[in-house]
Amino acid sequence: MSSFQILKLEYSACVEALTDALRGEDETAFFAAVDHIVHMREPGMFKELRQLTGDLQKALERFSIESRLQDIAENEIPDARARLTHVINMTDEAAHRTLDLVEQSGPLAERTAQEAATLIEAFENLKNRTAATSGYDSVLQSVEGLQPLVKSMERFLPAARSNSELIRRNLADVLMAQGYQDLTGQIIRSVMKLVEELETTLSSLASLSGDMVEHATMGESESKGQGPAVPGVTKGEHASGQTDVDALLSGLGM
Amino acid sequence: MSKDMKFLVVDDFSTMRRIVKNLLHDLGYPNVTEADDGKTALPMLQAGGFDFLISDWNMPGMSGLDLIKAVRSDAKLAKLPVLMLTAEAKREQIIEAAQAGVNGYVIKPFTAETLKEKLDKILGATAK
């Protein structure tokens, strides 16, 4: 039986019903027959229509993902690179500022301590000298001995005060210099957000394309170094502290 | 070993070089020179005069590991005491460094005490 004969068999009853309804001018029967014919055609047609809508939707999604990816690649990645460079600059600046202040304060404290030590020694000497004598001699020794000491004190005290004030100010500046942590933290967090978005965008693109993205294995030489171990990121076995390193090395006979 | 030993500190971050230089100064070693990677450091070492090398691992140009390999394969420098000071903390890496011939390995972040302890240990061993 040819395919047209099958069609004839399937549709002849409906067509007859339609013709009868037309002849009899029966509106209800006419529409019922039309509906019946449409229903017979429906499965194939609707399947195709659904397929078409699905494809269109996928294409639209793909288009929006791809244009977002292009935007990320063209604008946001260079932007993120610039932001991270800024983080390096800020941390560099803060570290140097702190080191400058430490280098400046150390000698000030040292000088004050040394001068105080000299004065303490001079007082001890005077005490010993006056203790060895008595009466008028002792008073005379004290007065004579105290004069240069008082002069030294007059020189020392203002210097000690200004040195301490300067050290205190430097410490306050050291404190302020640590503000970079907050700022760089925020920048790094924003870059992390971008990386996260990139990851989701890429994986949805991969699932739309219907293939799995093969994760590239790290084939690079260990000789290059990989930077600090980041908890939760760094894979493989790594030493968590100096004690681990020492244990490992002594195991190797070092 | 005397206190006027000459140190070469190799690190690509100038802040870290400064920190190490200050620490060495505090430990009584004022004679410290800096280099920012292996490529710069090697000719300085080959020119002679250095008694101790402290090197980072991860640097652009020539890495610390490659620098140490180059140092050990140079007859004049083969016995130079070398301390690796790095954030690289993988087990294989530490073993690789030991095989390359480092005398000590300190991981960042580190303390002044750890640095002193390793220096003393290396200097004590090489003095014998």
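Chain naming here is simple, since letters A, B, ... match the order of the sequence lines and numbering starts at 1 in each.
Residues satisfying the side chain to side chain contact (heavy atoms under 4.5 Å, CB included) test with A:Ser105, not counting sequence neighbours, are A:Ile167, A:Asn170.
The line from CG of A:Leu248 to CD of B:Glu92 is 10.0 Å long, rounded to the nearest 0.5 Å. Going from atom CD1 of B:Ile94 over to atom CG of A:Asp244 covers 8.0 Å, rounded to the nearest 0.5 Å.
Across every non-hydrogen atom of A:Leu99 and B:Thr15, the tightest pair is CD1-O, 4.0 Å.
For NE2 of B:His25, the number of neighbouring non-hydrogen atoms (other residues, nucleotides, ligands) closer than 6.0 Å is 12 at most. Around the NZ atom of B:Lys108, the shell of radius 6.0 Å holds more than 12 heavy atoms that belong to other residues, nucleotides or ligands. More than 12 heavy atoms of other residues, nucleotides or ligands lie within 6.0 Å of CD in B:Gln46, so this atom counts as buried by the packing criterion.
Contacts between A:Leu252 and chain B at a heavy-atom distance below 4.5 Å involve the side chain alone, from C-beta outward. At a 4.5 Å heavy-atom cutoff, the contact between B:Thr114 and chain A is made by side-chain atoms alone. If you measure heavy-atom distances from B:Asn103 to chain A, the contacts under 4.5 Å come from the backbone alone. Of the atoms belonging to B:Phe110, not a single heavy atom falls under 4.5 Å from chain A.
Comment: B:Arg18 engages A:Asp100 in a salt bridge, judged by a side-chain N to carboxylate O separation of less than 4.0 angstrom.
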_Using side chain to side chain contact (heavy atoms under 4.5 Å, CB included), reason through B:Lys118 and A:Asp246 one step at a time and then give a plain yes or no._
CA-CA 10 Å; B:Lys118 301 300 161 202; A:Asp246 291 349; 3.0 Å; yes

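No side-chain donor-acceptor contact under 3.5 Å links A:Glu103 to the backbone of B:Asn22.
Per-residue heavy-atom pair counts under 4.5 Å with chain A were compared for B:Ser14, B:Ala97, B:Gly104, B:Ala98, and the maximum is reached by B:Ser14.
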